[in-house]
Amino acid sequence: AWMDADFRRQLSARRERVEDAFEFEGRKVGRGSYGQVFKTKPRSCADAPAGDYALKQIEGSGLSMSACREIALLRELKHPNVISLKQVYLAHETRQIWLLFDYAEHDLWRMINFHASAKKCNSQVSLPPNFTKSIMHQILCGIHYLHSNWVLHRDLKPANILVMGATSPERGRVKIADLGLARLFHQPLTPLTEIDPVVVTFWYRAPELLLGARHYTKAIDLWAIGCIMAELITDKPLFYCKQEEDIKTSSPYNRDQLERIFSVMGFPSQQDWRDLPHLPKYGDLVRNFGTGQQYARFSLGRHMSRSFGMSETSPEFRLLSRLLAMDPLRRPSAREALEDRYFLEEPRPAADVFNGFDIPYGKRDFISDSSDNKDDLARQQQSQPVHASLQQYQQSHQQALLLQQQQQQLS
Ligand SMILES: Cc1ccc(-n2nc(C(C)(C)C)cc2NC(=O)NCCCNC(=O)OC(C)(C)C)cc1
């Protein structure tokens, strides 16, 4: 068709190029099947406010279905606890798509690993008493907003819960994101592992999904939030299950994962979950587990009190057991969870989850492009060796503690 050459010339002259506006050479912080992500700062000439940004270069060229979905979805959403899309850049020469987001220095996956390693080294890291409560409150606020806009997350897990760093005006604020596999299909029965070599974890998948439920629901997101709450409390994935390297099964049924859930929660009785027999994989369940008598003495209360000394009468435990109801119909909505007594009693949730405390976690590492083979990549993707950032933390804290003692001796 005849194109208005002059109009196109004007457009391409005026179009802001992403490489002119942002500095991102050698600042790659994320890479996956979805594309790659850089930590960038606007160049002085750019009109973007100062500060750090996450620049996502979408895999492939042209407006793929997943690029279209991510842009269409994110441009409609605006909530303090949901990652916000700032700008879209279409590079016409290469037909590449770049998305600009606020930059979050931390995420729950790295934060929990840090605490787990600190425990192993027997060095305590001081956190505010309302740390878990503040994070849970903001996750539920963000999910309540998404669910009320009929947006399901479908892949909630610690890596997708970002937290803004000390240099951000939103210090310590939770931002729900979806960094993972750019899913081509949204049906839960699609083998994700065929899209991306990185092994998918089933640790946060609701039991109904493992038993063949055909559609994602809001209750499936609430189950995952329950798993995240338990992990924030114990620094261990609640339903940790070793992963075979290449899970190529196309079936959603994962016997080992179900076994792990039952050995923590007990086996669901007819009273616990009336609709269980109607699930597609109920036959497999009976074949593999029979009547579940071997799990009779297990329960979440027993697990949390034995592994973590948590009282079954505490508001924290009561909310956790509501979120981890085996029957999806018995799980609270995000709003009902927000109204739970746990959030009404002292200490109240804080807007800055670090509550003004020093932030002990290291910054994200830059990924170099040299290593394309797997083990380098795996090592690269491990965050900065935790003990390194732990030492930094202790050193900085050591000076603070020494100063404090000197002052006390002087006074
Ligand atoms: C295909 C597709 C991929 C992701 C999303 N998506 N969905 C959501 C909701 C559900 C939370 C609103 C959010 C996204 N997308 C993103 O979160 N993209 C973030 C990309 C920025 N990456 C990023 O900040 O990465 C580091 C490593 C710096 C933390 C939608 C569609």
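Read the numbers this way: they start at 1 and go in the same order the structure lists the ligands and their atoms.
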Indicate, as side chain, backbone, both or neither, the part of Asp107 found under 4.0 angstrom from ligand 1 when only non-hydrogen atoms are considered.
neither
Determine which pairs satisfy salt bridge (Lys or Arg N to Asp or Glu O under 4.0 Å) with at least one residue from residues 256-275, sequence neighbours left out, and list them in order.
Lys242-Asp256
Tell me which part of Arg364 gets within contact of ligand 1: side chain, backbone, both or neither, using heavy atoms under 4.0 Å.
side chain
How does Asn160 reach ligand 1, if at all, at less than 4.0 Å between non-hydrogen atoms: by side chain, backbone, both, or neither?
neither
Any donor-acceptor pair under 3.5 Å from Asp4 side chain to Asp6 backbone
yes
For ligand 1, which atoms, with element, lie under 4.0 Å from some heavy atom of Lys56?
20 (C)
Have a look at ligand 1 and work out which part of Leu77, if any, has a heavy atom under 4.0 Å from it: side chain, backbone, both or neither.
side chain
Should you measure from each heavy atom of Leu74, which atoms of ligand 1 turn up under 4.0 Å away?
12 (C), 13 (C), 14 (C), 15 (N)
Where does Glu70 meet ligand 1, judged by heavy-atom distances below 4.0 Å: at the side chain, the backbone, both, or neither?
both
Hey, does Ala177 sit under 4.0 Å from ligand 1 if you only count heavy atoms?
yes
Test of understanding: with ring-ring contact (aromatic ring centres under 6.0 Å, His included), list the residues that count as partners of Tyr145, not counting sequence neighbours.
His79
Taking non-hydrogen atoms only, is Asp178 closer than 4.0 angstrom to ligand 1 via side chain, backbone, both or neither?
both
Exactly one of His106, Glu105, Arg110, His115 should register a side-chain hydrogen bond (donor to acceptor under 3.5 Å, both in side chains) with Tyr361. Which one does?
His115
Are the side chain of Glu16 and the backbone of Arg14 linked by a donor-acceptor contact shorter than 3.5 Å?
no
Output yes when a side-chain donor or acceptor of Ser134 lies under 3.5 Å from a complementary backbone atom of Ala350, and no otherwise.
yes
Donor-acceptor under 3.5 Å (Arg331 side chain, Arg322 main chain):
no
Report the part of Ala54 (side chain from C-beta onward, or backbone N, CA, C, O) that has a heavy atom under 4.0 Å from ligand 1; answer both or neither where that applies.
side chain
